[in-house]
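The structure under discussion appears below in the form of structure tokens.
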Number of protein chains: 4
Amino acid sequence: MAVATGERVRRAAVKLFATKGFHGTGIRDLAQAAKLSSASLYHYMGTKEELLAGIMRDCLRNLLDEATTALEGVSDPVERVRRLVTVHVTAHARQPNETRVADDNIEVLSPRLRRDVVRLRDDYEALWSDTIEEGLREGVFDTAQPTVTRIAVLDMCTGVARWYSSRGPLSLRLLAEHHVELTLRALGVRVSAGCGLANSRDPQACPGAAAEGRSWGE
Amino acid sequence: MAVATGERVRRAAVKLFATKGFHGTGIRDLAQAAKLSSASLYHYMGTKEELLAGIMRDCLRNLLDEATTALEGVSDPVERVRRLVTVHVTAHARQPNETRVADDNIEVLSPRLRRDVVRLRDDYEALWSDTIEEGLREGVFDTAQPTVTRIAVLDMCTGVARWYSSRGPLSLRLLAEHHVELTLRALGVRVSAGCGLANSRDPQACPGAAAEGRSWGE
Amino acid sequence: MAVATGERVRRAAVKLFATKGFHGTGIRDLAQAAKLSSASLYHYMGTKEELLAGIMRDCLRNLLDEATTALEGVSDPVERVRRLVTVHVTAHARQPNETRVADDNIEVLSPRLRRDVVRLRDDYEALWSDTIEEGLREGVFDTAQPTVTRIAVLDMCTGVARWYSSRGPLSLRLLAEHHVELTLRALGVRVSAGCGLANSRDPQACPGAAAEGRSWGE
Amino acid sequence: MAVATGERVRRAAVKLFATKGFHGTGIRDLAQAAKLSSASLYHYMGTKEELLAGIMRDCLRNLLDEATTALEGVSDPVERVRRLVTVHVTAHARQPNETRVADDNIEVLSPRLRRDVVRLRDDYEALWSDTIEEGLREGVFDTAQPTVTRIAVLDMCTGVARWYSSRGPLSLRLLAEHHVELTLRALGVRVSAGCGLANSRDPQACPGAAAEGRSWGE
DNA sequence: TATGAATGAGCGTTCATTCAT
DNA sequence: GATGAATGAACGCTCATTCAT
């Protein structure tokens, strides 16, 4: 069966919000991309802002769920970080549009709609801070500014959504592994040799990576 | 003497573009913030888009100049990276609005105005890639995916503009030093102990850090 | 049924463009005259300029069609001129606004929109020049400057749109007949007596003729 | 000495009002064409509308003066018409911009400024109607609709301003003579042969005649 | 004389949204 | 469901004009 109309609307919104921004995307752009009249759009959404909030909520909920699942029963901080990074990077590489929308538009939301989204984000971030604190407590991490380090690592992993392309030479797995290594290094973990990261060379990470937005680095 | 009117316009634009986005900022918002009528605004700017491009150009030009100056006569890749990171982080911490505008709005520009901006950015990036390549060649850096690492490090250093507050407990110097360390770790440089980074603890990096946009991590 | 909204818009535009000029007519004037909000206007038109071009195109197309039809199967130059003048004058008397808009605004159009309009006008004019040339060739017309004469005659017949009123004492038929006579005289045709034009006196052609624009002569 | 600034302003206005229309000409266009700032413009004019009215007034006053002078002591209706046409056509050929502005913008003026202009125009027209009436009374003219004929003739002679170019093959003298003939024919005067108009052929009246506005006929 | 600075009003057009059909 | 019709508000920008210097 074809994609349901409501889903088509949401997908159009995700793509447009990600590429042109919320304020840069008009209701008519949305309608056109969803092959609907702009009036019909309103059968599938509330306001434009609610549509945005819904996208952000779902994206963050997914991320939180995946991370929570991935951490279940794992207590070793190094392994927890591995999993957090993998989940985060994978999500941002696979759904760059969704995650960019979720990451970039919190300030657009009015207080009412912002609340839920912020809570989800904070819950998600707590997984990271708790893990890092535990690693420090256990002495397996070594960083003078854990909060700054956490933010830095998150920014670094989040950035993936803005440049990674699965059509480039770098597999999703390698991408994730590389970010795991970068993160562990940032946290001062001495990574044992032979983890498969230490020697291969990247030819060019992501040639298809697209437009201006991301020749940063290409 | 008071600030010249044209400068007031630019400052208003920097603040508003940074906080509400280019499309989220209306010409009337700008006028109000610059204490001018919307008609008078046009004595000090071309189009709204040209105003944006001007801000971006100047910001990137500054960054490029500062980095170029800082690297003058320095050939040791480690020292070069230290300086690049310091310049980058300092600029982003001191002028978070300018840098955010410059970093976030390339895709907004029409081709004509985009050209110059992209060139500046590419020139700036080249300083980083050249330095990293040289370090790899000399064997002082160790990273399997230098391009990815470079992007990651830049994202991490750029992120500073979104959360750092000079009113927080972290001095600009410490901030820069910490990012130098994170970057060198990412590049696989074994930092000798006692460099002053390895033991202090951050209480809370930046309590005044502001709105929702940055409780990411606070 | 009442007039369709789109038609109402066009009629308002015709009247306003004719009386106040294209640049003198604001989109809000148009909206008010069409009893619509200025936003709604845009359901029935493209840009204001396209609205103008459409009016001009239709007007000229009608004129061309009517003239072509009137000339079908007629080869006598005198009779052809009779018919051309009759069609032209009648159209300008009956639809003074449409024709004034079509006659006065060619230079307003941007090249893209101008092209079609100019082509129609040139095709129409060709009917006149061909006819006049043929009459000269046959020796039934006598004028030293046929091109100038053609322009003069056209200006004279076109002017009707600026002053004729059907509420005046002059019937449409007499108006046309009189212009036929003027035209044939200009072309040096010796009009046989008794054609009904040679003796009646006009009391006052058109007292209701309207504003200042045409008391020229009233 | 160079042209006085005030005169430069007026000339710029004449050209621009003629080609782009009053409403189509902005104060900035005027300033640029007069090589002045738009503020300085106001040292040489009142409002834009008063500038227009001044141009129209002067143009019509000139026309009226010239015609009055030309008619002085001439009582023969045919000769009077000759002179009226010659004056009118010459003025319109020599100062096409001034006359177009004067002819086309009466309805633009507000009542206060319109009054004088209309009076001048009516006085001028009276010369024509008086002459025609006299010719009819004397039996030298023969036209069933003298008012219509007068308007038609005036339209025809006025049109010259829209297409004649002194760079074309038609001399100003021939142009005037031809229009005299057309007018006399319209008035039913049997023109004696040998007046110099009856045989020469125009190749192409006015090739330089310009743009779209006047390929009507070219 | 000349102009930079300033503006209230208005330009043509598009915005997000509603509603009757 | 789907949409054409409709709109008040706002968009970026320009208008004609004034005034202090």
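Just so it is clear, the values below take in all heavy atoms, side chains as well, and ignore hydrogens, waters and symmetry mates. Letters A, B, ... mirror the listed sequences (proteins, then strands); counts begin at 1.
Going from atom NZ of A:Lys48 over to atom P of E:dT18 covers 14 Å, rounded to whole Å. Spacing between atom CG of A:Asp29 and atom P of E:dT14 amounts to 12 Å, rounded to whole angstrom units. Here F:dA10 presents its P atom at 17 Å from CG of B:Leu30, a figure rounded to the nearest Å. Straight-line distance from the CD atom of B:Glu50 to the C1' atom of F:dC13: 12 Å, rounded to whole Å. For the pair D:Gln32 CD and E:dA2 P, the computed distance is 18 Å after rounding to whole Å. Atom CE of B:Met45 and atom C1' of F:dT14 are 12 Å apart (whole Å). When the P atom of E:dT7 is taken as reference, atom CD1 of B:Ile27 falls 15 Å away, rounded to whole Å.
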Strand DNA chain E as a dot-bracket string - pairs counted if Watson-Crick or G-U with both distances under 3.5 Å, | where the partner lies in another strand: .||||||||||||||||||||
So which protein nitrogen or oxygen atoms get under 3.5 Å of nucleotides 3-6 of chain F's nitrogens or oxygens?
from  : atom 1 : to      : atom 2 : distance (Å)
F:dT3 : OP2    : A:Ser37 : N      : 3.4
F:dT3 : OP2    : A:Ser40 : OG     : 2.9
F:dA6 : OP2    : C:Tyr44 : OH     : 2.1
F:dA6 : N7     : C:His43 : NE2    : 2.5

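Under the side chain to side chain donor-acceptor pair (under 3.5 Å) criterion, D:Thr47 pairs with no residue at all, not counting sequence neighbours. Judged as a ring-ring contact (aromatic ring centres under 6.0 Å, His included), and not counting sequence neighbours, A:Tyr42 has no contacts. For D:Gln32, the side chain to side chain donor-acceptor pair (under 3.5 Å) criterion is met by no residue, not counting sequence neighbours. D:Glu50 is linked by a salt bridge (charged side-chain N to carboxylate O under 4.0 Å, His left out) to D:Arg112, counting only residues two or more places apart in sequence or in another chain. Residues satisfying the ring-ring contact (aromatic ring centres under 6.0 Å, His included) criterion with B:Phe22, sequence neighbours excluded, are B:Phe17. For B:Ala39, the side chain to side chain contact (heavy atoms under 4.5 Å, CB included) partners at least two apart in sequence or on another chain are B:Ser37.
Ion pairing between a basic and an acidic side chain is recognised when a charged N comes within 4.0 Å of a carboxylate O; B:Arg162 and A:Asp103 show no such pairing.
Pairs passing the ring pair (Phe, Tyr, Trp, His ring centres under 6.0 Å) check and including a residue from residues 97-121 of chain B, sequence neighbours excluded, do not occur. For residues 51-60 of chain A, the pairs satisfying salt bridge (Lys or Arg N to Asp or Glu O under 4.0 Å) are A:Arg10-A:Asp58, with sequence neighbours left out. Legend: salt bridge (Lys or Arg N to Asp or Glu O under 4.0 Å) pairs involving residues 21-41 of chain D, not counting sequence neighbours, sorted by first then second residue: D:Lys20-D:Asp29.
Along DNA chain F, the nucleotide nearest to D:Glu49 and the one nearest to B:Thr25 differ in position, and the one closer to the 5' end is contacted by B:Thr25.
Remark: nothing in residues 13-21 of chain C comes within less than 4.0 Å of DNA chain F through any heavy atom.
Annotation for D:Ile106 and D:Arg121: closest pair CD1-NH1, 3.3 Å, computed over non-hydrogen atoms.
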